[in-house]
Amino acid sequence: QVQLVESGGGLVQPGGSLRLSCASAGFTLDHYAIGWFRQAPGKEREGVSCISKNDGMPYYVDSVKGRFTISRDNAKNTVYLQMNNLKPEDTAVYYCASDFTCMFYTDYRGWVNGYWGQGTQVTVSS
């Protein structure tokens, strides 16, 4: 059974850091582009970052650029999202998903045919 599993969420104070992990059971992650998405209460799901399948090129939306870093560990079949200088507006459920390209990573609707994890909650609050 193919699965993506996110972990690493939690409660952190503004300015703090978290590292999210996206692990796979059933397929090799480096054969795919892997995107990170988030959904805050009452808001539409949005893409925040993606790492391409061939050259590992990272992509970020402006709101997280300079604060978030996406990376792969192929030996562990895991993709990470290091989140630094977290802000209250980063509070959301974070999901990882697979596709063949990062081209449309900012719009989750282009990823509906890929694999998705169950999400991990990130709460930034003092």
Q: Quick one: sort the Tyr108 and Trp116 rings into parallel, tilted or perpendicular, breaks at 30° and 60°.
A: perpendicular

Q) So, does Glu6 use its side chain to make a donor-acceptor pair with the main chain of Cys96 at under 3.5 Å? A) yes

Q) Rounded to the nearest 0.5 Å, what separation is found between the CG atom of Leu86 and the CZ atom of Phe68? A) 5.5 Å

Q | Polar side-chain atom of Gln118 near backbone of Val5 as donor-acceptor pair, under 3.5 Å | A | no

Q) Is a side-chain donor or acceptor of Tyr60 paired with a backbone partner of Ile70 at a separation under 3.5 angstrom? A) yes

Which atom pairs, one a donor and one an acceptor, fall under 3.5 Å between side chains of residues 22-31 and the rest of the protein, sequence neighbours left out?
{"from": "Ser24", "atom 1": "OG", "to": "Phe27", "atom 2": "N", "distance (Å)": "3.4"}
{"from": "Ser24", "atom 1": "OG", "to": "Phe27", "atom 2": "O", "distance (Å)": "2.7"}

Q) Could you give the distance from CD1 (Ile34) to CH2 (Trp111), rounded to the nearest 0.5 Å? A) 7.0 Å

Q: Using the six-membered ring wherever Trp is involved, compare the ring planes of Tyr32 and Tyr115 and label them parallel, tilted or perpendicular (cut-offs 30° and 60°).
A: perpendicular

Q) Which residue, Asn85, Asp90, Asn84, forms the side-chain hydrogen bond (donor to acceptor under 3.5 Å, both in side chains) with Arg67? A) Asp90

Q) Can a cation-pi geometry be assigned to Arg19 and Tyr80, taking NZ or CZ under 6.0 Å from the six-membered ring centre and within 45° of the ring axis? A) yes

Q: Keeping the roles fixed (side chain from Ser52, backbone from Met57), state whether a donor-acceptor pair exists under 3.5 Å.
A: yes

Q. Same hydrophobic cluster for Val93 and Leu11, using side-chain heavy-atom links shorter than 4.5 Å among ILVMFWY?
A. no

Q.
One pair to check against side-chain contact (heavy atoms from CB on, under 4.5 Å): Val12 and Ser17. What are the steps and the verdict?
A. CA-CA 7 Å; Val12 64; Ser17 298; over 6 Å; no

Q | Nearest heavy-atom neighbours spanning Ser126 and Pro14 | A | N-CD, 3.7 Å

Q) Short question: side chain of Tyr105, backbone of Gly110 - any donor-acceptor pair under 3.5 Å? A) no

Q. Mind checking who shares a hydrophobic cluster with Phe104, ILVMFWY linked at side-chain heavy-atom distances under 4.5 Å?
A. Met103

Q) Does Met83 reach the side chain of Leu20, with side-chain heavy atoms less than 4.5 Å apart? A) yes

Q) Counting distance only, does the side-chain N/O of Glu46 pair as donor-acceptor with the main-chain N or O of Arg38 below 3.5 Å? A) no

**Q.** Minimum-distance pair of heavy atoms, taken over all atoms of Phe37 and Ala97
**A.** CE1-CB, 3.9 Å

Q.
Do Pro58 and Ser49 make a side-chain contact, defined as non-hydrogen atoms from C-beta onward lying under 4.5 Å apart?
A. no

Q.
Using 0.5 Å steps for rounding, measure from the NZ atom of Lys43 to the OG1 atom of Thr91.
A. 10.0 Å

Q) Got a sec, which residues hit ring-ring contact (aromatic ring centres under 6.0 Å, His included) with Tyr94, two or more places apart in sequence or on another chain? A) none

Q. Quick one: OG1 on Thr120 to CH2 on Trp36, what's the gap to the nearest 0.5 Å?
A. 7.5 Å

